Structures are given as structure tokens and as C-alpha cells.
Enquirer: 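My structure is below; once you've seen it, I'll send some questions.
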Amino acid sequence: MHRSEQTCNAETALSDALDAIDTRILRELMADGRQTNVALAQRVGLSGPACLRRVRALEEAGLVLGYYAEVDAEALGFSVTAFVAVTLHNQAEKDLRAFENLLLKWPLVREAHMMAGDADYMLKVVARDLRSFQSFLIDEISSAQNVASVKPTVAMRRAKFEAGVGL
């Protein structure tokens with residue numbers, strides 16, 4: 001068995017072993033990752049030290065990957081959110097890795113997912129305006145080595161956002 005399969009199996013076993021309190025802790029952290037341990041403990045019905053032990057165990061197990069602030073992109077001057085389907089000429093592992101290493105350098109790309117289907121990757125791009133988005137498409141994505149096609153779709157508005165997963 002490959003290491004990635006072992007890790008996946010261990011993570012699946014761990015997530016299956018979560019009890020109701022761990023699940024409540026994860027829900028609360030997804031809703032508000034900045035709340036104090038005292039507030040979290042009260043919400044899930046634990047003492048402060050017991051809650052902190054469980055949170056640390058969830059972090060060490062890799063179920064809580066980090067904490068971040070969601071910012072208002074428009075208030076910061078980023079008015080365009082777009083999704084870009086990228087198809088590559090070659091899908092050999094070395095070519096996929098090369099493209100992934102390249103997209104890691106693009107700050108406008110906020111998420112990137114390898115896809116099954118018509119496109120090889122779906123990128124979420126957040127740009128200041130349409131002009132900067134267009135320049136990024138032409139100068140960076142479309143001109144990148146091994147890129148066969150680029151199909152952008154500009155979002156009109158965000159209808160829903162929820163962090164994490166639906167526990």
C-alpha cells in the first residue's frame with residue numbers, strides 16, 4: 001500500500017471515530033475559529049482543559065489544518081472573482097507537477113483543483129478588476145508552458161459560502 005493510501009485510510013478511520021463532542025468542536029471552529037477556548041468549551045459542554053486537549057488532538061490528527069480570517073475582497077479593492085478551467089496538452093505526472101508548481105507562484109489564484117472531466121484544473125481567481133484579470137489570463141495562464149486551453153467564467157455574485165465541510 002502506498003503512503004498516500006495509508007494516510008487516507010488512517011484519516012478515514014479517524015474521521016469515522018469522531019464522537020459527538022469532537023464533531024461539535026469542529027462545527028464550532030468552522031463557524032468561528034477565533035472564539036476563546038472558554039467559549040468553545042461552554043458551547044460543547046466541556047471544561048476548558050478538556051476542550052483544549054481535544055482541539056489539540058484534532059489539530060495533531062490533521063483534521064484542523066489552520067485558522068484564517070475571511071476578508072472582504074471588494075472592500076480591499078478586488079472586485080472580480082472568476083473560475084478558470086485549464087486544459088493541458090500533456091497530463092503526465094511531471095507535467096501536472098510543473099503546472100501546479102507554477103500556479104503556486106500566482107497570488108491571484110486563491111484555489112486550484114485538479115479535475116476529472118473536460119478540464120484538467122479549475123482555478124479560483126480573485127482580481128482587482130476585469131482589466132487585471134484579462135492581463136493575468138493572457139500573460140500568465142494562457143502563455144504558460146503546456147496549457148492547451150483556458151475557459152474563464154466570471155462570477156456575478158457569491159450566493160453561498162460556508163467554510164469547512166457539512167458535519
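No experiment lies behind these values; they were computed from the predicted model shown. Each residue takes its place number in the sequence, starting with 1. Hydrogens, waters and symmetry mates play no part in the numbers below; they use all other heavy atoms, side chains included.
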Enquirer: Do you know the tightest heavy-atom contact between Val64 and Leu26?
Expert: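 Val64 and Leu26 have their closest heavy atoms at CG2-CD2, 3.6 Å.
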Enquirer: Can Ile138 be reached from Phe83 by stepping across I, L, V, M, F, W or Y side chains whose heavy atoms are under 4.5 Å apart?
Expert: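 Looking at the clustering, Ile138 is in a separate group from Phe83.
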Enquirer: Taking a hydrophobic cluster as the set of Ile, Leu, Val, Met, Phe, Trp and Tyr residues connected by side-chain heavy atoms closer than 4.5 Å, whether directly or through intermediates, do Leu58 and Val165 fall within one such cluster?
Expert: yes
Enquirer: Tell me, which pairs form a side chain to side chain donor-acceptor pair (under 3.5 Å) where one or both residues lie in residues 114-123, sequence neighbours left out?
Expert: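 Sorted result for residues 114-123: Gln91-Asp120, Glu100-Tyr121.
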Enquirer: Please determine whether side-chain contact (heavy atoms from CB on, under 4.5 Å) holds for the pair Leu123 and Ile141, giving the CA-CA distance in whole Å, both sets of side-chain angles, and the decisive distance to 0.1 Å.
Expert: CA-CA 10 Å; Leu123 312 180; Ile141 300 175; 3.9 Å; yes
Enquirer: Taking 4.0 angstrom as the limit, do Arg54 and Asp19 come out as a salt bridge?
Expert: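 Between Asp19 and Arg54 there is a salt bridge, with a charged N closer than 4.0 Å to a carboxylate O.
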Enquirer: Minimum heavy-atom separation for Val126 to Thr81, with atom names?
Expert: CG2-OG1, 4.1 Å
Enquirer: Can you tell me which residue pairs pass the side chain to side chain donor-acceptor pair (under 3.5 Å) test with a partner in residues 40-49, sequence neighbours excluded?
Expert: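 Applying side chain to side chain donor-acceptor pair (under 3.5 Å) to every pair that reaches into residues 40-49, excluding sequence neighbours, yields Gln35-Arg43.
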Enquirer: Examine distances only and state if a side-chain atom of Arg53 and a backbone atom of Gly48 form a donor-acceptor pair shorter than 3.5 Å.
Expert: no
Enquirer: Under a 4.5 Å side-chain heavy-atom rule over Ile, Leu, Val, Met, Phe, Trp and Tyr, are Met122 and Val84 clustered together?
Expert: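 Looking at the clustering, Val84 is in a separate group from Met122.
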Enquirer: Please list all pairs meeting ring-ring contact (aromatic ring centres under 6.0 Å, His included) that have one or both residues in residues 135-167, counting only residues at least two apart or in different chains.
Expert: Trp106-Phe136
Enquirer: Please list all pairs passing the salt bridge (charged side-chain N to carboxylate O under 4.0 Å, His left out) test where one or both residues lie in residues 65-81, with sequence neighbours left out.
Expert: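 Output for this query lists Glu70-Arg158.
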Enquirer: Mind listing the side-chain donor-acceptor pairs of residues 145-154 below 3.5 Å, one per line with the distance, residues two or more places apart or on another chain?
Expert:
| unit_1 | atom_1 | unit_2 | atom_2 | d |
| --- | --- | --- | --- | --- |
| Asn146 | OD1 | His89 | N | 3.3 |
| Asn146 | OD1 | Asn90 | N | 2.9 |
| Asn146 | ND2 | Asn90 | O | 3.0 |
| Ser149 | OG | Thr87 | OG1 | 3.4 |

Enquirer: If you look at every heavy atom in Arg128 and Ser79, which pair is closest and at what distance?
Expert: O-OG, 2.8 Å
Enquirer: What closest approach, in Å, do Leu46 and Cys51 show between heavy atoms, and which atom pair accounts for it?
Expert: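 Smallest interatomic distance, heavy atoms only, reads CD1-CA, 3.8 Å.
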Enquirer: So if you build clusters from Ile, Leu, Val, Met, Phe, Trp, Tyr with side-chain heavy-atom gaps below 4.5 Å, do Tyr67 and Leu63 land together?
Expert: yes
Enquirer: Name each donor-acceptor pair under 3.5 Å that joins a side chain in residues 110-117 to protein atoms two or more places apart or in another chain, with its distance.
Expert:
| unit_1 | atom_1 | unit_2 | atom_2 | d |
| --- | --- | --- | --- | --- |
| Arg110 | NH1 | Pro107 | O | 2.9 |
| Glu111 | OE1 | His113 | NE2 | 3.0 |

Enquirer: Supply the atom-to-atom distance Leu137 CG to Ser132 OG, rounded to the nearest 0.5 angstrom.
Expert: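 With rounding to 0.5 Å, CG (Leu137) is 10.0 Å from OG (Ser132).
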Enquirer: Can you tell me if Gln134 has over 12 outside heavy atoms packed within less than 6.0 Å of its CD?
Expert: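 No, CD of Gln134 has 12 or fewer neighbouring heavy atoms, counting only those of other groups under 6.0 Å.
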Enquirer: Are Leu18 and Leu52 linked, directly or through intermediate hydrophobic residues, by side-chain heavy-atom contacts shorter than 4.5 Å (ILVMFWY only)?
Expert: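 Shared cluster, no.
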Enquirer: If you measure from the Lys or Arg side-chain nitrogens to the Asp or Glu carboxylate oxygens, is any gap between Arg97 and Glu93 under 4.0 Å?
Expert: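 Here Arg97 pairs with Glu93 in a salt bridge, since their nearest N and O are under 4.0 Å apart.
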Enquirer: Among Leu130, Val125, Leu108, find the residue that satisfies the side chain to side chain contact (heavy atoms under 4.5 Å, CB included) test when tested with Val80.
Expert: Leu130
Enquirer: When you measure from the side chain of Arg24 to the backbone N and O of Val44, does any donor-acceptor pair fall under 3.5 Å?
Expert: yes
Enquirer: Closest heavy-atom contact between Glu28 and Leu40?
Expert: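 For Glu28 and Leu40, the tightest heavy-atom pair comes out as CB-CD1, 3.4 Å.
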